[in-house]
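Everything on this sheet refers to the single structure shown next.
One-based numbering, in listed order, for ligands and for the atoms of each. It should be emphasised that the depicted structure is a prediction, and the values quoted were computed from it without experimental measurement.
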Amino acid sequence: MARIVYVNGHYMDEQQATVSVFDRGFLFGDAVYEVTAVIDGKLWDLEDHLHRLRRSCAGLELDCPWSEDELREMHHTLVAKNQLREGVVYLQLSRGNAGDRDFSYADTAVPPTLVMFTQQKALVDTPKAREGLRMITRPDVRWQRRDLKTVSLLAASMALTEARRQGADDALLVENGMITEGTSSNVFIVTQDDTVITRPLGSGILPGTTRRLLLELIAHNNLHLSERVFTPEEARRAKEVFISSTTALIMSVVELDGCVIGSGAPGPVATALRNGLIRWIRHDE
Ligand code: PDD
């Protein structure tokens with residue numbers, strides 16, 4: 001079945017979908033995005049993603065003329081048209097085709113470009129969720145507004161590519177000696193005295209939708225949480241390290257920079273939280 005994508009008000013076969021070479025998303029990375037999970041054919045936590053989309057738009061002074069209801073409807077339509085059972089819906093909103101290349105967007109008064117597509121992907125039952133991830137640390141050379149979900153992802157792509165080249169699954173990013181986040185995930189550690197630690201929100205990391213749910217789950221499981229920064233050394237010595245994201249849900253990191261973490265297998269805290277999250281998703285109506 002050919003994939004049906006959405007471009008500026010129209011649903012079409014992916015082969016027919018085009019965006020202008022003058023689109024500011026293409027020329028300047030002047031665009032925001034969201035990735036929402038689909039599990040058992042249902043969109044998960046869409047409201048939180050739409051809320052963050054508004055926040056990212058506000059941060060870039062980017063106008064989103066579509067209402068929440070319209071965006072919700074488009075997500076559901078795309079899932080139905082593509083008969084998606086498990087995977088993601090990707091949404092990208094750029095400042096549009098300004099007709100020429102100009103660094104300033106002060107006088108850009110053109111309609112934005114909205115593109116959406118689905119991607120089939122196993123999220124719940126995956127080998128990496130069972131085995132855990134092997135990671136390396138890399139310097140965080142991204143820009144200073146990581147709290148906005150913009151498409152300028154080159155630094156993250158480079159860190160992930162380097163990790164894969166070194167035989168690892170992914171990278172944790174380090175700035176001023178402290179872990180910020182993964183290339184596309186938030187990071188948690190469990191200390192020897194069973195406290196869960198994660199970096200506080202701020203311009204250094206993305207306010208993850210899964211992170212927010214995880215904090216609720218952590219409280220529900222009566223685990224002790226501390227939102228503070230931590231070093232790679234603390235992570236390597238932790239009982240457990242795990243990441244959270246829409247696509248990974250919660251996944252354990254079992255090796256960091258060649259050091260085995262804990263028993264070298266997904267630990268009890270990450271496993272309980274992942275199972276709890278999946279139960280939550282499956283029973284959510
Ligand atoms: N990325 N931090 C970064 C830098 C991310 O790119 C992501 C998600 C997260 C986790 O956010 P959430 O829990 O809302 O997915 C944290 C998505 C999945 C992506 O770019 O594909």
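In terms of polar-atom proximity, defined here as any N/O pair under 3.5 Å, Tyr33 does make such a contact with ligand 1. At a 3.5 angstrom cut-off on N or O pairs, Glu181 counts as close to ligand 1. Close N/O approach between Asn186 and ligand 1 is not found [any backbone or side-chain N/O within under 3.5 Å]. The shortest N/O to N/O separation between His49 and ligand 1 does not fall below 3.5 Å. In terms of polar-atom proximity, defined here as any N/O pair under 3.5 Å, Lys149 does make such a contact with ligand 1.
Heavy-atom neighbours of Phe26 CZ from other residues, nucleotides or ligands within 6.0 Å: at or below the threshold of 12.
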Check your understanding: Hey, mind stepping through Asp140 and Arg138 against salt bridge (Lys or Arg N to Asp or Glu O under 4.0 Å) and telling me if it holds?
Key -> CA-CA 6 Å; Asp140 194 342; Arg138 296 292 299 158; over 6 Å; no
Practice item. Apply side-chain hydrogen bond (donor to acceptor under 3.5 Å, both in side chains) to the pair Ser67 and Asp69, showing each step before the final yes or no. Key: CA-CA 5 Å; Ser67 70; Asp69 277 351; 5.3 Å; no
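Using cut-offs of 30° and 60° for the angle between ring planes, the Phe188 and Phe242 rings count as parallel. Between Tyr90 and Phe117, the angle of the ring planes stays under 30°, which puts this pair in the parallel group of the 30/60° scheme.
By the criterion of a heavy-atom distance under 4.0 Å, the side chain of Val35, and not its backbone, is placed next to ligand 1. The proximity of Leu153 to ligand 1, defined as any non-hydrogen pair under 4.0 Å, does not occur for either the backbone or the side chain. Of the heavy atoms in Arg142, only side-chain atoms (C-beta onward) come closer than 4.0 Å to ligand 1.
Ligand-side atoms of ligand 1 in range of Thr210: 12 (P), 13 (O), range being under 4.0 angstrom from any heavy atom. Under a 4.0 Å criterion applied to the non-hydrogen atoms of Ser245, ligand 1 contributes the atoms 10 (C), 13 (O), 15 (O). Set against the non-hydrogen atoms of Ser185, the atoms of ligand 1 under 4.0 Å away are 2 (N), 3 (C), 5 (C), 7 (C), 9 (C), 16 (C). Atoms of ligand 1 lying under 4.0 Å from any heavy atom of Gly208, numbered from 1 in the order shown and given with element: 11 (O), 12 (P), 13 (O), 14 (O). Atoms of ligand 1 found under 4.0 Å from any heavy atom of Thr183, numbered from 1 in the order shown, are 4 (C). Each of the atoms 11 (O), 12 (P), 14 (O) of ligand 1 lies under 4.0 Å from some heavy atom of Arg52.
Considering Ile243, Thr247, Thr246 in turn, Ile243 is the only one that fulfils the side chain to side chain contact (heavy atoms under 4.5 Å, CB included) rule with Ser185. If you run side chain to side chain contact (heavy atoms under 4.5 Å, CB included) between Arg72 and each of Glu70, His75, His76, only His76 comes through.
Of the charged side-chain nitrogens involved, none lies within less than 4.0 Å of a carboxylate oxygen, so that Arg211 and Glu181 do not count as a salt-bridged pair. Note on Arg142 versus Glu175: no salt bridge recorded, every NZ/NE/NH1/NH2 to OD/OE distance being 4.0 Å or above. Taking the charged nitrogens against the carboxylate oxygens, Arg130 and Asp125 do have a contact shorter than 4.0 Å, which makes a salt bridge.
Selection from Thr209, Leu173, Asp45 by nearest heavy atom to atom 14 (O) of ligand 1 gives Thr209. Taking each of Ser184, Ser244, Ala248 in turn, the one with a heavy atom nearest to atom 7 (C) of ligand 1 proves to be Ser184.
Closest to atom 15 (O) of ligand 1, if we only count protein heavy atoms, is Thr246 OG1, 2.6 Å. In terms of protein heavy-atom proximity, atom 18 (C) of ligand 1 is nearest to Thr247 OG1, 3.9 Å.
Listed here is the closest heavy atom pair of Gly264 and Val254: O-CB, 3.5 Å.
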